[in-house]
J.: 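Mind having a look at this structure? Questions to follow.
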Amino acid sequence: MSVFTAIRSRVIPRHAAIILAVAGLLVLPGCWVESINPLYEHGFLASKDTDVIADQRLTGSWSAAADEKCTITLTVSAKDDIYDLESTQQGEGCGSAGEKSRQQARLVKLDTHVFLDVSPMPDDVCDECLAKHTIYQTKIDKDSFSITPIDSEWLKNALEQRKVSLATLGDDSDTLTASTKDLKAFCRKYADDPAAFKPIGLVFKRR
């Protein structure tokens, strides 16, 4: 299996109206922008990324209403600056009610903004696959936190109009191949743009 086939095989299915629990971090309506590179420097030859931060307020038990018939419960634990996310969907409106999923995440602070980089657990990635990262802008308070993804439609139009320059997998604007450096530059530039990071109204409340 080629690298590009492996990447394609890990694309999250695009359901038009349901939930993604935090298996991706969540399942929500619409298409999702993913990246084959993280928002932080990594690897054996890379020194620790000073933009990666730890925030103990993120740990604990949380819940969020995906809709009136489905609730997402999320448990977050941490070891150093790596977060373990375990989620469950509850309710008759959930696509995978009762099933647990796990992912890992890191917080990256760029200027005054904080981003959550979510990816599969290492053991869930096959030897020939590349783990794909989803980048969310996040705001964390004592009793709540919100996540805001990169808006897929905005990015597609911005790339077509050449307002944004980010490498993608062929014509698939939802799969970024841009370097970590370029991803950071993008997030810094567009963090305050509500069209680029379009709020989806998902807020987790502490349980």
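Excluded from the calculations below are hydrogen atoms, water molecules and symmetry mates; all remaining heavy atoms, backbone and side chain alike, are included.
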J.: When rounded to the nearest 0.5 angstrom, what distance separates CG in D81 from NZ in K48?
T.: 3.5 Å
J.: Contact between F115 and T138 at the side-chain level, heavy atoms closer than 4.5 Å - yes or no?
T.: no
J.: Give the minimum heavy-atom separation between R206 and G60, together with the two atoms involved.
T.: NH1-CA, 3.9 Å
J.: What about the rings of F145 and Y136, do their centers lie closer together than 6.0 Å?
T.: no
J.: Got a donor-acceptor contact below 3.5 angstrom from the D80 side chain to the I82 backbone?
T.: no
J.: Look only at the side chain of D49 and the backbone of E41, and say whether a donor-acceptor pair between them is shorter than 3.5 Å.
T.: yes
J.: Can you find a heavy atom in the side chain of P38 that is under 4.5 Å from one in the side chain of T180?
T.: yes
J.: When you measure from the side chain of D84 to the backbone N and O of S77, does any donor-acceptor pair fall under 3.5 Å?
T.: no
J.: The test is salt bridge (Lys or Arg N to Asp or Glu O under 4.0 Å); show your working for R188 and D111 and say whether it passes.
T.: CA-CA 7 Å; R188 282 190 167 100; D111 301 329; 3.5 Å; yes
J.: From the options L58, V108, I140, select the one residue that forms a side chain to side chain contact (heavy atoms under 4.5 Å, CB included) with L116.
T.: L58
J.: Report the distance from atom CG of D174 to atom CG of L176, rounding to the nearest 0.5 Å.
T.: 8.0 Å
J.: Fit a plane to each ring of H42 and Y40, take the angle between them on a 0 to 90° scale, and name the class: parallel (under 30°), tilted (30 to 60°) or perpendicular (over 60°).
T.: perpendicular
J.: Donor-acceptor pair, distance only, cut-off 3.5 Å: does the side chain of D151 make one with the backbone of W154?
T.: yes
J.: So which atom in D192 and which in P194 form the shortest heavy-atom distance, rounded to 0.1 Å?
T.: O-CD, 3.2 Å
J.: Tell me if a side-chain donor or acceptor on R102 pairs with a main-chain N or O of E86 at a distance below 3.5 Å.
T.: no
J.: Quick one: which of T75, L85, V76, V203 gives a side chain to side chain contact (heavy atoms under 4.5 Å, CB included) with W62?
T.: V76
J.: Would you check if the side chain of R106 reaches a backbone N or O of Y83 as a donor-acceptor pair within less than 3.5 Å?
T.: no
J.: Indicate, with yes or no, if V52 and L107 share a hydrophobic cluster defined by side-chain heavy-atom contacts under 4.5 Å among Ile, Leu, Val, Met, Phe, Trp and Tyr.
T.: no
J.: Here's a test for you: under side chain to side chain contact (heavy atoms under 4.5 Å, CB included), which of N37, L130, I36 qualifies with T177?
T.: I36
J.: Locate the shortest heavy-atom distance separating A196 from Y190; write the atom from each residue and the value.
T.: CB-CB, 3.8 Å
J.: I147 and L202: side chain to side chain contact (heavy atoms under 4.5 Å, CB included), yes or no, with the steps?
T.: CA-CA 7 Å; I147 58 170; L202 190 73; 4.1 Å; yes
J.: What distance do D171 atom CG and L159 atom CG have between them, rounded to the nearest 0.5 Å?
T.: 11.0 Å
J.: List in chain and number order the residues that pass salt bridge (Lys or Arg N to Asp or Glu O under 4.0 Å) with K156, two or more places apart in sequence or in another chain; answer none if no residue qualifies.
T.: none
J.: Using every non-hydrogen atom in the two residues, find where L110 and C187 come nearest and quote the distance to one decimal.
T.: CD1-CB, 3.7 Å
J.: Does any N or O in the side chain of T175 come within less than 3.5 Å of the main-chain N or O of D172, such that one atom is a donor and the other an acceptor?
T.: no
J.: Using 0.5 Å steps for rounding, measure from the CZ atom of F204 to the OG atom of S61.
T.: 12.0 Å
J.: Would you find a donor on one side and an acceptor on the other, under 3.5 Å apart, between the side chain of Q104 and the backbone of V118?
T.: no
J.: Quick one: pull up OG1 in T88 and CG in L74 and give me the separation to the nearest 0.5 Å.
T.: 9.0 Å
J.: Indicate if L169 and I135 have the same hydrophobic cluster label, given that clusters are the connected sets of ILVMFWY residues with side-chain heavy-atom separations under 4.5 angstrom.
T.: no
J.: How close do D182 and L166 get, heavy atom to heavy atom, and via which atoms?
T.: O-CD2, 3.9 Å
J.: Under a 4.5 Å cut-off applied to non-hydrogen side-chain atoms, are Q137 and H113 in contact?
T.: yes
J.: Step by step, would you call D55 with K109 a salt bridge (Lys or Arg N to Asp or Glu O under 4.0 Å)?
T.: CA-CA 11 Å; D55 190 332; K109 187 174 183 179; over 6 Å; no
J.: Is there a side-chain contact between S63 and I72, using heavy atoms and a 4.5 Å cut-off?
T.: no
J.: Going through the checks in order, is the side chain to side chain contact (heavy atoms under 4.5 Å, CB included) test met by I150 and W32?
T.: CA-CA 8 Å; I150 300 170; W32 289 76; over 6 Å; no
J.: Rounded at 0.5 Å granularity, tell me how far CG in D143 sits from CZ in R207.
T.: 14.5 Å
J.: Can you find a heavy atom in the side chain of S35 that is under 4.5 Å from one in the side chain of L183?
T.: yes
J.: Minimum heavy-atom separation for K205 and S144, please, with both atom names.
T.: CD-CB, 4.1 Å
